[in-house]
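Model, not experiment: these values are computed from the prediction. Here, residue 1 is the first one in the sequence, and each next residue gets the next number. Counting starts at 1 for both ligands and their atoms, following the listed order.
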Amino acid sequence: MTFEYAPAPESRSIVSIKPKYGHFINGSFVAGKKHFPTINPATEEILSHIALGGVSDVDKAVMAAQKAYTKTWSKLSGKERGKYLYRIARILQERAREFAVLETLDNGKPIRETRDIDIPLVAAHFFYHAGWADKLDYAGLGHNPKAYGVAGQIIPWNFPLLMLAWKVAPALATGNTVVLKPAETTSLTALLFAEVCQQAELPDGVVNIVTGDGSTGSAIVNHSGIHKIAFTGSTEVGKKIARAIASTDKKATLELGGKGANVVFDDAPVDETVEGIVNGIFFNQGHVCCAGSRLIVQESIAEEIIEKLKVRMAKIRVGDPLDKNTDLGAINSKEQLVKIKELSAIGDAEGAERWSPQCNLSNKGFWFAPTIFTGVTQAHRIAQEEIFGPVLSVLTFRTPQEAMDKANNTPFGLSAGIWSEKGSRIFWASQHLKAGVIWANTFNKFDPASPFGGYKESGWGREGGKHGLAAYLKNGKETGAK
Ligand code: NDP
């Protein structure tokens, strides 16, 4: 028996998008000079026009953040700061549906994910860090830990509001003030968050949001009033930031790219593993730095796993991100779609075998069918480079040591997964995998209490948990950040 799904679109009437937005500086929205359109990637409809911040906008935001730090925020007790964070968390929960719909419209990810994953995790981050604000002195973070002052924060488009929460919540909990730049294609939820700051009566200037492009981000990185940088994005831009701050006393955490290995041993529970592989690479259209984008499967079960994976992939519903039945939404931008297509074409040219289920993709918007490449070798570019889309590269192994060697053979070291029913094998493999985050018999599980970050070209430092707090404190015991 086959089931047909009737369309179940979420109403967008809950969101009200202004035709044009300015920056959020010193507690108010201020007009921008130049603007650029932001579109819904599923339809190419222009949603609004976003201000392109320049050096003077960043300067005003930093001045506001410095003033707020000196006059207000640094004078409040941790308990008082915590109250504001709790208030923000509760408002985010109250307005969760509005945020979920807006994020889906602006980013292209399915409403099922924004509603059930992104926004609940955003609120959880604020609740978690609210709880820490008055306990920093007793948390083993050094004697009398002190904030840096103004933190400059630059975030990507794949989890727009969640990355904001990862950055803003620990910064405020530790007593820093913030100048944040959202990604060019996904500024709308950050601007709605600015309204939440107003609603929570957060003191003016504690959170400032300057929208714009890479040049706006660069102005933040190079501003002399900023003492701490937190960046999530590509390794290429991460390297630029590292070079820009090399001769300064600025501290930085960089959360960069990945090419996560999902290692499947021959004793893995097959059906659960297939579900985990799908979640590892097709969650959020594969726009996930820690995606399980390389499947490294034991040769003896590879055929069975791939066969079942194809059956499961054929059931992935690709389409309207606002439809509650949709599993895979739109690719976030035309540029990203071009990149995914280019790297996939390289996979074909290198001799790997491409397979996708039949999908009816819309002519409007940016779409890419869930795809696997089999017959991939370590030398292939699709086994080494971050595709950042719904594309899985499949490699095989014969011995556990070979699996570890293959898994570690990339310039990255962000995430990995292990599938096996033997605890001893899981412990052995987790000691050999060079990855900041290792999941066993699951994938893509996130929690504010758990530190997240990578080795090698995947970045510096950790975000989340106590490690993430330390990165925002001058004498916090550091964890690999500059
Ligand atoms: P970027 O690294 O360019 O963007 C991340 C953020 O940095 C954005 O806010 C961006 O602004 C800003 N930025 C760009 N240039 C600079 C600069 N010189 N100084 C300071 N900030 C800057 O990622 P892209 O969006 O261009 O994506 C490119 C590739 O990066 C993807 O294909 C993917 O492989 C990878 N990526 C990895 C992510 C991760 O989480 N690891 C997240 C996003 C992308 P703007 O948006 O205006 O360009």
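In this structure, a donor-acceptor pair under 3.5 Å is present between the side chains of Glu103 and Thr189. Using a 3.5 Å distance cut-off with no hydrogens or angles, the side chains of Thr253 and Lys228 do pair a donor with an acceptor. With no hydrogens or angles considered, a side-chain donor-acceptor pair links Asp106 and Thr38 at under 3.5 Å. The closest side-chain donor-acceptor pair between Thr232 and Lys167 falls under 3.5 angstrom.
Between Arg115 and Glu10 there is no salt bridge, since none of the side-chain N atoms of the basic residue sits less than 4.0 Å from a carboxylate O of the acidic one. A salt bridge links Arg312 and Glu275; the closest N-O separation between the charged side-chain nitrogens and carboxylate oxygens is under 4.0 Å. Between Lys334 and Glu44, no side-chain nitrogen of the basic residue sits less than 4.0 Å from a carboxylate oxygen of the acidic one, so the salt-bridge criterion is not met. Ion pairing of Glu353 with Lys310 is absent here, as no side-chain N (NZ or NE/NH1/NH2) approaches a carboxylate O to less than 4.0 Å. In summary, Glu195 and Arg95 engage in a salt bridge, as defined by a charged side-chain N under 4.0 Å from a carboxylate O.
Contacts of Gln336 with ligand 1, taken as heavy-atom pairs under 4.0 Å, involve the side chain alone. Here Thr216 has no heavy atoms under 4.0 Å from ligand 1, in either its backbone or its side chain. Contact annotation: for Asp213 versus ligand 1, heavy atoms closer than 4.0 Å belong to both the backbone and the side chain. When non-hydrogen atoms are compared, ligand 1 lies under 4.0 Å from the backbone of Leu256 (N, CA, C, O) but not from its side chain. Looking at Glu335 against ligand 1, nothing comes within 4.0 Å, counting heavy atoms.
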Could you pull out all donor-acceptor pairs under 3.5 Å where a side-chain atom in residues 117-127 meets a protein atom, sequence neighbours excluded?
residue : atom : partner : partner atom : Å
Asp118  : OD2  : Lys109  : NZ           : 2.6
His125  : NE2  : Trp166  : NE1          : 3.0

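At the top of the distance list for atom 16 (C) of ligand 1, counting protein heavy atoms only, stands Val237 CG1, 3.4 Å. From the protein, the heavy atom lying nearest to atom 14 (C) of ligand 1 is Gly214 CA, 3.5 Å. Of the protein's heavy atoms, Pro156 CB, 3.4 Å lies nearest to atom 42 (C) of ligand 1. With hydrogens left out, the protein atom closest to atom 21 (N) of ligand 1 is Gly217 CA, 3.6 Å, a heavy atom.
Using cut-offs of 30° and 60° on the angle between ring planes, the pair Phe159 and Phe283 is tilted.
Atoms of ligand 1 found under 4.0 Å from any heavy atom of Gly257 (numbered from 1 in listed order, with element): 41 (N). Shown in contact with Ile155 at under 4.0 Å from a heavy atom are these atoms of ligand 1, numbered in order with element: 6 (C), 8 (C), 9 (O). For ligand 1, the atoms lying closer than 4.0 Å to a non-hydrogen atom of Gly212 are 47 (O). The distance from ligand 1 to the heavy atoms of Thr232 drops below 4.0 Å at these ligand atoms: 5 (C), 40 (O).
Residue-ligand proximity: Phe159 is placed with every non-hydrogen atom at 4.0 Å or more from ligand 1.
At under 3.5 Å, a nitrogen or oxygen of Gly233, whether backbone or side chain, sits near a nitrogen or oxygen of ligand 1. Remark: ligand 1 and Ile154 share no N or O pair separated by less than 3.5 Å (distance only, no angle test).
Among residue pairs with one or both ends in residues 369-397, those qualifying as ring pair (Phe, Tyr, Trp, His ring centres under 6.0 Å) are Trp157-Phe388, Phe265-Phe397, His287-Phe388; sequence neighbours excluded.
In this structure, atom 30 (O) of ligand 1 has a protein heavy-atom contact shorter than 4.0 Å.
The option with the heavy atom closest to atom 23 (O) of ligand 1, from among Gly53, Gly258, Ser234, is Ser234. Across the listed options Glu184, Lys181, Met163, Lys181 owns the non-hydrogen atom lying nearest to atom 11 (O) of ligand 1. Taking all heavy atoms of Ser218, Cys289, Gly238 into account, the minimum distance to atom 40 (O) of ligand 1 is reached by Cys289. Nearest-residue assignment for atom 18 (N) of ligand 1 (options Lys240, Lys339, Glu386; heavy-atom criterion): Lys240. For atom 27 (O) of ligand 1, the candidate residues are Phe388, Phe412, Trp157; the nearest heavy-atom contact is made by Trp157.
Closest approach of Ala440 and Ile426 over heavy atoms only: CB-CG2, 3.6 Å.
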